[in-house]
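In what follows, a structure is listed as structure tokens, so that the remarks can point back to it.
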Amino acid sequence: MSGAVPCVENRRWTDKGVTYATLNVQGSCNNLCDTAPNAAEYAARNAADIGWLQQTFDEAEADDSAAVMLISQADPGFDGSDATRAPLRDPKTLVETDGQPTGSTTCSRPSAPT
């Protein structure tokens with residue numbers, strides 16, 4: 001993939017002094033360690049997301065927003081249905097319940113593309 005990437009999930013709006021932005025972030029290790037990883041898709045989408053994030057803060061500053069709220073969605077795997085996802089967590093408190101050190105996951109993350 002090269003050039004601009006259409007990230008239709010990326011949206012931005014300001015309401016009552018708060019700038020809101022959605023970001024296209026894939027579940028399962030951001031599309032890098034799932035069953036069919038795609039480093040080229042990740043690199044293009046990640047660059048587009050970083051630009052979108054920078055523009056969001058620029059707009060928030062220009063609009064004198066009091067806050068920025070970032071929104072994304074994915075299935076983080078808290079239910080344990082996929083070992084490549086996040087650590088097991090209590091669905092009510094989000095406390096890790098897998099016995100791993102805090103921040104540890106079973107997903108090995110490749111180094112960032114250069």
Side-chain angles (χ1 to χ4, degrees):
M1 298 186 120
S2 62
V5 175
C7 293
V8 296
E9 294 86 349
N10 290 358
R11 296 286 186 243
R12 181 173 40 239
W13 66 99
T14 299
D15 186 46
K16 297 180 181 160
V18 177
T19 298
Y20 298 84
T22 61
L23 293 165
N24 184 5
V25 179
Q26 308 299 308
S28 297
C29 300
N30 208 2
N31 206 17
L32 288 175
C33 65
D34 204 350
T35 56
N38 187 336
E41 183 279 334
Y42 160 79
R45 180 177 37 78
N46 193 55
D49 280 342
I50 289 169
W52 185 255
L53 189 58
Q54 290 169 335
Q55 291 169 11
T56 296
F57 279 92
D58 290 345
E59 274 195 26
E61 185 175 20
D63 291 342
D64 202 26
S65 291
V68 172
M69 181 173 185
L70 303 175
I71 305 161
S72 65
Q73 79 82 50
D75 178 358
F78 293 160
D79 62 358
S81 63
D82 183 344
T84 67
R85 293 187 175 149
L88 295 179
R89 293 182 182 268
D90 180 296
K92 292 181 182 174
T93 65
L94 298 182
V95 171
E96 289 187 32
T97 60
D98 61 3
Q100 298 295 321
T102 300
S104 175
T105 67
T106 57
C107 177
S108 62
R109 300 181 196 285
S111 32
T114 56

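Because only heavy atoms are used, hydrogens play no part in the values below, and waters and symmetry mates are left out as well, while side chains stay in. The residues of the chain are indexed from 1 along the displayed sequence.
- The CG atom of Leu23 sits 10.5 Å away from atom CZ of Arg45, with the distance rounded to the nearest 0.5 Å.
- By the 6.0 Å contact criterion, CG on Asp64 is open, its count of non-hydrogen atoms from other residues, nucleotides or ligands being 12 or less.
- Pairing each heavy atom of Tyr20 with each of Ile71, the nearest pair is CD2-CD1, 4.3 Å.
- Annotation: side chain of Trp13 is in contact with side chain of Thr22 (closest heavy-atom distance under 4.5 Å).
- Applying the side-chain hydrogen bond (donor to acceptor under 3.5 Å, both in side chains) rule to Thr14 yields the partners Thr19; only residues at least two apart in sequence or on another chain are considered.
- Looking only at side-chain heavy atoms (C-beta outward), Asn10 and Asp49 come within less than 4.5 Å of each other.
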Which side-chain N or O atoms in residues 55-62 pair as donor and acceptor under 3.5 Å with protein atoms at least two apart or in another chain?
residue : atom : partner : partner atom : Å
Thr56   : OG1  : Arg12   : NH1          : 2.8
Thr56   : OG1  : Trp52   : O            : 2.8
Glu59   : OE1  : Arg12   : NE           : 3.3
Glu59   : OE2  : Arg12   : NE           : 3.3
Glu59   : OE2  : Arg12   : NH2          : 3.4

